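So the structure is just underneath, and the comments pick up after that.
Throughout, numbering of the chain's residues begins at 1 and tracks the sequence. Only heavy atoms go into these numbers, but all of them, side chains included; no hydrogens, no water, no symmetry mates. Atoms within a ligand are numbered from 1 in the order they appear, just like the ligands themselves. Keep in mind that this is a model prediction, so the values were computed, not measured.
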Amino acid sequence: SKRLGVCAGEGSAWGSARPLMKVIEISGHGVPWLLGTFYGLCQSDSSAAREVLLNLLFALLLDLVLVAVVKGLVKRPRPTHNKMDMFVTISVDKYSFPSGHATRAALVCRFILRHLVLAVPLRVLVVLWALIVSISRVMLGRHNMTDVLFGLLLGYALYSVVEHCWLSPLSAPALFALWSH
Ligand SMILES: CC(C)=CCC/C(C)=C/CC/C(C)=C/CC/C(C)=C/COP(=O)(O)O
């Protein structure tokens with residue numbers, strides 16, 4: 001993993017690509033996803049869109065809690081070559097197992113592919129985005145390969161849990177009443 005950390009610092013082999021990697025990092029960060037989903041939920045007029053967005057918000061929050069619990073239990077330190085200059089972190093983010101970005105990328109990727117009607121090129125782009133976010137974690141020096149691989153598996157499995165516990169106006173009427181205008 002250390003050898004793959006080619007964007008870990010400005011002086012690294014691919015140091016000039018670090019700013020781009022950090023943009024990719026923000027595209028998979030929890031804050032834009034949570035706030036964007038919350039904003040969409042508040043703005044949405046259609047009940048079908050509200051149902052999807054409410055479940056996406058639930059999935060993102062569940063993911064945040066699960067990753068925090070596993071990080072807190074495993075307590076694997078981040079690679080020594082990582083520079084801790086990440087945008088908004090919580091206390092357990094000093095630990096690296098599993099990668100929260102990889103977990104979210106796999107979860108959001110499955111969610112989008114299942115619930116958004118997209119043309120094939122866009123579907124391919126969504127999968128590529130998830131892969132690039134995941135690979136960039138190792139390139140930035142934030143994670144070891146195993147953190148990212150486990151994160152992807154966890155996010156993939158978490159989507160199945162979300163699908164199983166799908167919130168609907170029938171299963172969670174009080175929650176939906178909050179968002180009906
Ligand atoms: C509930 C709503 C609508 C908003 C809450 C917004 C908010 C401030 C959430 C906190 C999100 C947060 C700080 C997530 C941490 C993301 C992060 C840095 C993960 C670490 O990723 P990793 O790949 O390095 O493990």
Problem - Worked verdict on Arg50 versus Asp45 for side chain to side chain contact (heavy atoms under 4.5 Å, CB included) - result: CA-CA 8 Å; Arg50 268 202 301 275; Asp45 288 331; 5.5 Å; no

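- The hydrophobic cluster around Val124 extends to Val120, Leu128, counting ILVMFWY residues whose side-chain heavy atoms fall within less than 4.5 Å of a member.
- A cation-pi contact, defined as under 6.0 Å to the ring centre and within 45° of the axis, links Arg110 to Tyr156.
- With ring centers used as reference points, His101 lies 6.0 Å or more from Trp33.
- Glu25 pairs by the salt bridge (Lys or Arg N to Asp or Glu O under 4.0 Å) definition with Arg137, Arg142, not counting sequence neighbours.
- Within the structure, the ring pair (Phe, Tyr, Trp, His ring centres under 6.0 Å) test picks out the following pairs touching residues 37-68 (sequence neighbours left out): Phe38-Trp179.
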Between the protein and ligand 1, which nitrogen or oxygen pairs come in under 3.5 Å, and how far apart is each?
residue	atom	partner	partner atom	Å
ligand 1	21 (O)	His101	ND1	2.9
ligand 1	23 (O)	Ser99	OG	2.9
ligand 1	23 (O)	Gly100	N	3.2
ligand 1	23 (O)	His101	N	2.9
ligand 1	23 (O)	His101	ND1	3.0
ligand 1	23 (O)	Arg137	NE	3.1
ligand 1	23 (O)	Arg137	NH2	3.4
ligand 1	23 (O)	His143	NE2	2.9
ligand 1	24 (O)	Arg78	NH1	3.0
ligand 1	24 (O)	Arg78	NH2	2.9
ligand 1	24 (O)	Arg137	NH2	2.8
ligand 1	24 (O)	His143	NE2	3.0
ligand 1	25 (O)	Lys71	NZ	2.5
ligand 1	25 (O)	Gly100	N	2.8
ligand 1	25 (O)	His143	NE2	3.2

